[in-house]
Amino acid sequence: MATKLEMEKPNILWCDRKRTFLGLPWSFTKYKLTDRKFIIETGFFSKNEEEIVLYRITDLSLRRSFGQRIVGVGTIHVCSSDKTAGEFDIKSVKQSPAVKELLSKHVEEERVRNHVIAREFMDSDGHDDFDSDDDH
């Protein structure tokens with residue numbers, strides 16, 4: 001019979017390592033996406049693990065330099081409301097556009113599942129807090 005800990009194993013949707021020279025995975029930084037969390041594991045002798053629950057992720061953006069595009073990697077910049085992680089980068093991962101879309105999809109699913117509402121910043125007049133041109 002399975003123990004409670006064995007039954008709660010996370011469903012890993014994606015995992016990769018930070019890529020280095022020529023897109024090779026020669027790094028001690030590992031990334032994992034489960035159905036509920038994003039996990040960053042760093043270190044060789046001393047291991048550190050950072051967990052970010054998906055519904056705390058507020059924004060994603062993708063950056064791909066010319067060199068990264070040549071070797072087929074990219075960096076995903078993540079903004080979160082997590083106290084310890086805050087903003088962080090998922091550095092130099094393969095298939096970065098697909099990974100960003102997968103992460104975005106699961107963030108939205110977790111927000112719905114946990115009844116988390118994302119609100120845009122509004123000023124006192126109820127307008128978006130973005131600069132706008134009056135000429136349009």
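Not measured: the values here are computed from a predicted model.
By the 30° and 60° cut-offs, the orientation of the rings of Phe28 relative to Phe44 is tilted.
Side-chain atoms of Asp16 come within 3.5 Å of backbone N or O of Lys94 as a donor-acceptor pair. Using modelled atom types, one side-chain atom of Tyr31 and one backbone atom of Lys91 make a donor-acceptor pair closer than 3.5 Å. A donor-acceptor contact shorter than 3.5 Å links the side chain of Thr58 to the backbone of Cys79. Remark: the backbone N or O of Ser27 is paired with a side-chain donor or acceptor of Arg17 at under 3.5 angstrom. A donor-acceptor contact shorter than 3.5 Å links the side chain of Arg111 to the backbone of Ile57. At distances below 3.5 Å, not a single donor-acceptor pair connects side-chain atoms of Thr34 with backbone N or O atoms of Ile12.
Summarising the geometry of Ser92 relative to Val73, their closest heavy-atom pair is C-CB, 3.9 Å, with the distance given to 0.1 Å. Pairing each heavy atom of Gln68 with each of Arg64, the nearest pair is OE1-CA, 3.4 Å. The shortest non-hydrogen separation linking Val93 to Arg19 is CA-CG, 4.4 Å. Of all the heavy atoms in Ser80 and Gly86, the pair that sits closest is OG-O, 2.7 Å.
Between Asn11 atom CG and Asp35 atom CG the span is 5.0 Å, to the nearest 0.5 Å. If you take CH2 on Trp14 and CD on Gln95, they are separated by 10.0 Å, rounding to the nearest 0.5 Å.
For the side chain to side chain contact (heavy atoms under 4.5 Å, CB included) criterion with Val107, the lone passing option out of Val112, Val53, Leu33, Leu54 is Leu54.
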Next item on the list: Check step by step if side chain to side chain contact (heavy atoms under 4.5 Å, CB included) holds for Leu62 and Leu60.
Entry: CA-CA 7 Å; Leu62 177 63; Leu60 299 168; over 6 Å; no
Next item on the list: Test Phe88 against Ile52 for side chain to side chain contact (heavy atoms under 4.5 Å, CB included), laying out the working first.
Entry: CA-CA 11 Å; Phe88 61 93; Ile52 300 95; 4.0 Å; yes
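Using a 4.0 Å cut-off between a side-chain N of Lys or Arg and a carboxylate O of Asp or Glu, Glu101 and Lys105 do not qualify as a salt bridge.
The local environment of NZ in Lys83 is sparse, with at most 12 non-hydrogen atoms from other residues, nucleotides or ligands closer than 6.0 Å. Summarising the local packing, CD of Glu49 is surrounded by more than 12 heavy atoms from other residues, nucleotides or ligands at distances under 6.0 Å.
Residues Asn48 and Ser46 bring no donor and acceptor atom of their side chains to less than 3.5 Å of each other.
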